[in-house]
Amino acid sequence: MPYETLRIERRNKGVAWVMIHNPPANAISERLMEELEKAADELEADSKVRVVVIASAHPKTFLAGADLKDMIQRGTQFAGNEAGIAEQSARMQRCFDRFATMPKPVIAAINGYALGGGCELALACDFRIMGGGKIGLTEVSLGLIPGAGGTQRLTRLVGRAKATELIFLARRLDPQEALELGLVHRVTPPERLEEEASAFAEQLSEGAVRAMGLAKRAIYAAEGLPEDGFGIEAASFAATFKTGEPAIGLAAFFQKKQPQFLR
């Protein structure tokens with residue numbers, strides 16, 4: 001399967017860049033998820049690849065999140081079938097988890113908006129370097145909840161109280177705010193993002209990457225049993241469609257209006 005939504009670039013010192021290119025808005029599609037999984041398999045198996053960087057070929061968007069028109073169609077398709085909707089959530093969780101569990105360091109080089117699913121992919125990476133845009137889990141503003149691991153990973157990263165605030169208020173954080181909260185590891189001017197990410201990736205690649213992979217597995221285990229939380233997240237994501245709020249939130253989004261949720 002040739003790549004249509006990604007570009008894989010093998011660069012210096014065993015660093016591979018996964019460039020997301022799914023115009024016009026870098027939305028998450030089934031094709032993109034299939035290709036992300038294929039890239040994860042390919043790069044994990046390649047012994048010459050020591051570090052992976054995920055970035056975007058789109059100048060303003062790291063990853064836009066789920067295709068909302070497709071989400072509306074799927075919500076209609078699975079009306080009354082929570083298991084079907086939950087599986088769509090679990091599908092994204094499995095895709096992003098490939099990078100969370102890859103036994104090599106993975107860096108997200110965030111060069112634009114990383115909202116919703118875009119934030120969730122970044123959270124699945126080991127490190128996040130941000131060069132502009134906004135980052136956040138904005139699903140509640142649409143009457144949904146994060147469904148690709150966001151409720152689990154953000155809570156582990158910034159703590160329950162702050163994660164609850166960010167998710168409930170659908171906060172969009174600028175780079176400095178994200179850095180202060182520990183949501184990203186480094187901030188850089190947009191024009192220096194690639195340089196900074198490359199330098200950090202090359203620094204990692206010079207270390208004991210196999211030991212890092214084993215340490216990463218142990219660190220991941222220290223977070224608890226993620227499959228339990230992920231399963232609850234997927235079921236809760238599906239349950240939102242029974243509330244009627246996604247229909248209101250998504251309609252308002254496309255009409256560029258403030259949603260008036262049921263009181």
Side-chain angles (χ1 to χ4, degrees), residues 6-22 26 28 32 36 39-40 43-44 49-65 96-138 148-150 153-154 156-158 162-163 166 171-207 209 212-213 215-216 219-220:
L6 303 176
R7 293 203 311 261
I8 309 298
E9 301 175 4
R10 288 169 170 80
R11 301 188 185 179
N12 297 334
K13 297 186 179 181
V15 178
W17 284 65
V18 178
M19 303 294 293
I20 302 171
H21 180 61
N22 191 28
N26 265 13
I28 300 171
L32 175 59
L36 282 171
L43 298 176
E44 183 174 327
V49 172
R50 298 175 61 78
V51 180
V52 174
V53 180
I54 301 177
S56 171
H58 194 291
K60 295 182 179 180
T61 304
F62 172 71
L63 188 62
F96 295 169
D97 208 45
R98 285 292 292 110
F99 295 95
T101 58
M102 180 185 289
K104 299 179 181 184
V106 181
I107 301 167
I110 303 167
N111 59 332
Y113 287 95
L115 303 174
C119 178
E120 289 174 295
L121 175 59
L123 289 172
C125 298
D126 301 308
F127 304 98
R128 286 161 292 285
I129 302 176
M130 194 170 180
K134 300 277 189 178
I135 187 169
L137 297 176
T138 54
R153 293 195 170 100
L154 184 64
R156 296 189 184 105
L157 192 62
V158 303
K162 184 54 66 173
L166 296 177
R171 289 276 307 280
R172 300 182 177 210
L173 304 175
D174 63 32
Q176 192 58 41
E177 288 178 300
L179 179 65
E180 291 170 0
L181 287 175
L183 185 54
V184 301
H185 299 81
R186 300 185 182 189
V187 166
T188 181
E191 65 274 12
R192 293 190 57 193
L193 175 63
E194 186 169 340
E195 177 187 349
E196 292 281 344
S198 292
F200 182 52
E202 289 177 11
Q203 180 184 4
L204 288 169
S205 75
E206 293 171 353
V209 172
M212 291 179 199
K216 180 174 174 176
I219 292 166
Y220 194 74

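If you read the sequence from its start, that first residue is 1, and numbering goes on from there.
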Check E206, R50, Q203 against K13 for a side chain to side chain contact (heavy atoms under 4.5 Å, CB included) and give me the one that passes.
E206
Side chains of T138 and Y113: does their closest heavy-atom pair fall under 4.5 Å?
no
Find out whether L173 and V184 are in side-chain contact, i.e. whether some heavy atom of one side chain is under 4.5 Å from a heavy atom of the other.
no
Does any part of the side chain of D126, heavy atoms only, come nearer than 4.5 Å to the side chain of I219, both counted from C-beta?
no
CD of E120 to SG of C125, rounded to nearest 0.5 Å, is 12.5 Å
Carboxylate-amine/guanidinium contact D97 R153, below 4.0 Å
yes
Heavy-atom closest pair (P105 atom, M212 atom, distance to 0.1 Å) is CG-SD, 3.7 Å
Between V53 and A109 the two heavy atoms that sit nearest each other are CG1-CB, 4.0 Å
Walk me through it: do I8 and L43 pass the test side chain to side chain contact (heavy atoms under 4.5 Å, CB included)?
CA-CA 9 Å; I8 309 298; L43 298 176; 4.0 Å; yes
Donor-acceptor pairs under 3.5 Å, side chain of residues 186-195 to any protein atom, not counting sequence neighbours: which ones?
unit_1, atom_1, unit_2, atom_2, d
R192, NH2, E196, OE2, 2.7
E194, OE2, R11, NH1, 2.8

Sorted by chain and number, sequence neighbours left out, side chain to side chain contact (heavy atoms under 4.5 Å, CB included) with Q176 holds for D174, L179, E180
Between the side chain of N12 and the main-chain N/O of E202, is any donor-acceptor distance below 3.5 Å?
no
Considering all heavy atoms, the nearest P175-G133 contact
CD-O, 3.5 Å
Tell me, please, which residues at least two apart from A114 pass side chain to side chain contact (heavy atoms under 4.5 Å, CB included).
F62, I110, I135
Indicate yes or no: at least one non-hydrogen side-chain atom of I107 is less than 4.5 angstrom from one of L204.
yes
Of all residues at least two apart in sequence or in a different chain, which pass the ring pair (Phe, Tyr, Trp, His ring centres under 6.0 Å) check with F200?
F127
L183 vs E177 side-chain heavy atoms within contact, under 4.5 Å:
no
I want to check something: taking the side chain as every heavy atom from C-beta on, are P103 and K216 in contact at a cut-off of under 4.5 Å?
no
Quick one, L6 with L32, criterion side chain to side chain contact (heavy atoms under 4.5 Å, CB included). Give me CA distance, side-chain angles, the key distance, then yes/no.
CA-CA 8 Å; L6 303 176; L32 175 59; 3.7 Å; yes
With H21, which residues qualify under ring pair (Phe, Tyr, Trp, His ring centres under 6.0 Å), at least two apart?
none
For the atom pair CD1 (I54) and CG (L63), what is the distance rounded to the nearest 0.5 Å?
9.5 Å
If you take all heavy atoms of A16 and V49, which pair is closest and at what distance?
CB-CG1, 3.8 Å
Interatomic distance, CZ@R172 vs SG@C119, rounded to 0.5 Å, equals 11.5 Å
Look only at the side chain of K104 and the backbone of V209, and say whether a donor-acceptor pair between them is shorter than 3.5 Å.
no
Not counting sequence neighbours, which residues clear side chain to side chain contact (heavy atoms under 4.5 Å, CB included) with T61? List them please.
N26, H58, A64
If you round to the nearest 0.5 Å, how far is CG of L166 from CG of L154?
5.5 Å
Is the backbone of R128 close enough, under 3.5 Å, to the side chain of H185 for a donor and an acceptor to pair up by distance?
yes
Taking all non-hydrogen atoms of both residues, which atom of F96 and which atom of A124 are closest, and how far apart?
O-CB, 3.5 Å
